[in-house]
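Read the numbers this way: they start at 1 and go in the same order the structure lists the ligands and their atoms. The figures that follow rest on heavy atoms only: side chains count, while hydrogens, waters and symmetry mates do not. Heads up: numbering here begins at 1 and tracks the sequence. These figures come from a predicted structure and were not determined experimentally.
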Amino acid sequence: MTRLSVNINKIATLRNSRGGNVPSVKDAAINCQKFGAQGITVHPRPDERHITRRDVYEIKPVITTEFNIEGYPSEDFLKMVIEVQADQVTLVPDKHNQLTSDHGWDTWGNIDFLKEVISRLQEHGIRTSIFVDPDSEAIEGAAETGTQRIELYTEPYARLYPLGRDKAIEPFAEAAVFANKVGLEINAGHDLNLENLNYFYKNIPNLKEVSIGHALIADSLYLGLEKTIQEYLNCLR
Ligand SMILES: CC(=O)[C@@H](O)[C@H](O)COP(=O)(O)O
Ligand SMILES: NCC(=O)COP(=O)(O)O
């Protein structure tokens, strides 16, 4: 079964645009799970442009599925995710001023750092995932770190999908076969949507989880959050 983890960053974007607490991020986490989400993902960035540290602590008690926290493994980030006992931590190589996540790790170039971070998180019972491009060398390096999972960065797939889905999926299908071969479990995310998700799901063997936020929250403006989550779940059948 491939789990749908709803990324609620953009709920926090809307809330922060006016200050106050409307829409409530905590209520969104509760309702997304009520509507069928099999996980909640947040990406607390250092500038707190959307999800804040406070959100992370407030969301944790209402998680009844799985809590996936994404981010760059700074000391502050690591202390927070260990303190809240995230179910999964997805390590992302983002710099502070990036508009969004736009590349995977150079795993071999950061191997000692990643090994130390992953070992520390796993000592606290946290499953780890490393954000990677669909590149066998990067995936081999990920396996070397001891991580249980990788997350395939799917923006290139989403961008090329409208131009030809067979070509778009190719590197990801190859990467998935390789990841399975080296014993890594596979997550995926970034720019997945109602148009491209089902084809991705059908062509990636043993896909454990997709984390989807931007397009899903945008769709919910027209379809409503409950129907939107059901539509995304239907793409994973
Ligand atoms: C890691 C990744 O691809 C996304 O989960 C990321 O969290 C998106 O971040 P923004 O919502 O800040 O664009
Ligand atoms: N890891 C991907 C994620 O959580 C959401 O990415 P997006 O759907 O907001 O592009």
Side-chain angles (χ1 to χ4, degrees), residues 2-17 23 25 28-29 32 37-53 55-56 59 63 65-74 77 80-81 86-105 127-134 138 142 147 149-161 172 185-198 200-201 204 207-221 225 228-229 231-233 235-236:
T2 301
R3 298 169 78 103
L4 171 66
S5 186
V6 174
N7 181 312
I8 56 175
N9 290 352
K10 300 304 166 2
I11 300 284
T13 299
L14 182 57
R15 177 208 51 201
N16 293 1
S17 67
V25 168
C32 284
Q38 294 141 333
I40 295 296
T41 292
V42 295
H43 189 153
R45 293 181 179 273
D47 61 9
E48 295 194 321
R49 66 187 71 169
H50 40 54
I51 293 290
T52 66
R53 290 175 60 83
D55 288 328
V56 174
I59 290 167
I63 296 291
T65 54
E66 278 209 343
F67 197 17
N68 175 42
I69 306 178
E70 301 182 328
Y72 181 82
S74 66
F77 176 85
M80 175 176 65
V81 298
D87 296 292
Q88 176 176 267
V89 170
T90 301
L91 304 178
V92 187
D94 288 5
K95 304 230 176 346
H96 284 203
N97 58 355
Q98 279 185 223
L99 174 66
T100 186
S101 307
D102 60 13
H103 64 283
W105 282 95
R127 182 197 312 133
T128 62
S129 180
I130 297 183
F131 199 60
V132 294
D133 298 311
T147 188
R149 293 195 185 176
I150 56 171
E151 176 172 336
L152 293 174
Y153 169 52
T154 48
E155 188 277 340
Y157 165 73
R159 177 163 34 83
L160 295 175
Y161 182 88
F172 292 87
E185 293 185 327
I186 303 164
N187 294 347
H190 207 98
D191 284 344
L192 293 174
N193 60 35
L194 283 176
E195 184 195 0
N196 63 36
L197 178 57
N198 184 253
F200 189 86
Y201 162 68
I204 302 299
L207 178 62
K208 300 294 277 187
E209 177 180 288
V210 290
S211 43
I212 305 176
H214 196 88
L216 188 150
I217 301 301
D219 290 333
S220 71
L221 297 175
L225 193 53
T228 298
I229 289 175
E231 292 295 318
Y232 276 83
L233 289 169
C235 295
L236 297 171

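The residue from Glu151, Glu70, Arg45 that alone fulfils the side-chain hydrogen bond (donor to acceptor under 3.5 Å, both in side chains) condition with Ser101 is Arg45.
Looking only at distances, a side-chain donor or acceptor of Tyr157 sits under 3.5 Å from a matching main-chain atom of Phe200. Remark: the backbone N or O of Leu236 is not paired with any side-chain donor or acceptor of Thr2 at under 3.5 angstrom. The backbone N or O of His43 lies less than 3.5 Å from a partner atom in the side chain of Asn9, making a donor-acceptor pair. Of the possible polar contacts, none joining the Trp105 side chain to the Ala142 backbone as a donor-acceptor pair under 3.5 Å is found. In this structure a side-chain-to-backbone donor-acceptor pair under 3.5 Å is missing from Arg149 to Ile186. Not a single donor-acceptor pair under 3.5 Å links the side chain of Ser211 to the backbone N or O of Gly189.
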Contact table, ligand 2 N/O with protein N/O, distance under 3.5 Å:
| unit_1 | atom_1 | unit_2 | atom_2 | d |
| --- | --- | --- | --- | --- |
| ligand 2 | 1 (N) | Glu70 | OE2 | 2.6 |
| ligand 2 | 1 (N) | Glu151 | OE2 | 2.5 |
| ligand 2 | 1 (N) | Ser211 | OG | 2.9 |
| ligand 2 | 4 (O) | Asn7 | ND2 | 2.8 |
| ligand 2 | 4 (O) | Glu70 | OE2 | 3.4 |
| ligand 2 | 4 (O) | Ser211 | OG | 3.3 |
| ligand 2 | 8 (O) | Gly213 | N | 2.8 |
| ligand 2 | 8 (O) | His214 | N | 3.4 |
| ligand 2 | 9 (O) | His214 | N | 2.8 |
| ligand 2 | 10 (O) | Asp191 | N | 2.8 |

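With no hydrogens or angles considered, no side-chain donor-acceptor pair links Asn7 and Thr41 at under 3.5 Å.
Within the listing of ligand 1, atoms 10 (P), 11 (O), 12 (O) sit less than 4.0 angstrom from a heavy atom of His50. Interface atoms of ligand 1 facing His190, defined by a heavy-atom separation under 4.0 Å, are 2 (C), 3 (O), 4 (C). Residue contact check: Lys10 has heavy atoms under 4.0 Å from atoms 10 (P), 11 (O), 13 (O) of ligand 1. Residue-ligand proximity, His43 to ligand 1, at heavy-atom distances under 4.0 Å covers atoms 6 (C), 7 (O).
Residue contacts with ligand 1: Glu151 is placed with no nitrogen or oxygen under 3.5 Å of a nitrogen or oxygen of the ligand (distance criterion only).
Residue contacts with ligand 1 for Phe131 involve side-chain atoms from C-beta outward but no N, CA, C or O (heavy atoms, distance under 4.0 Å). When non-hydrogen atoms are compared, ligand 1 lies under 4.0 Å from the side chain of Asn7 (C-beta onward) but not from its backbone.
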Cut-off 3.5 Å, no hydrogens considered: what does the side-chain donor-acceptor table look like for residues 212-221, sequence neighbours left out?
| unit_1 | atom_1 | unit_2 | atom_2 | d |
| --- | --- | --- | --- | --- |
| His214 | ND1 | Lys10 | NZ | 3.2 |
| Asp219 | OD2 | Tyr232 | OH | 2.6 |
| Ser220 | OG | Ile217 | O | 2.6 |

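In terms of protein heavy-atom proximity, atom 9 (O) of ligand 1 is closest to Arg45 NH2, 3.0 Å. In terms of protein heavy-atom proximity, atom 4 (C) of ligand 1 is closest to Glu70 OE1, 3.5 Å. For atom 8 (C) of ligand 1, the closest non-hydrogen atom of the protein is Thr100 OG1, 3.6 Å.
A salt bridge between Arg127 and Glu66 is present, with a side-chain N of the basic residue lying under 4.0 Å from a carboxylate O of the acidic one. Here Asp55 pairs with Arg15 in a salt bridge; the nearest charged N to carboxylate O distance falls below 4.0 Å.
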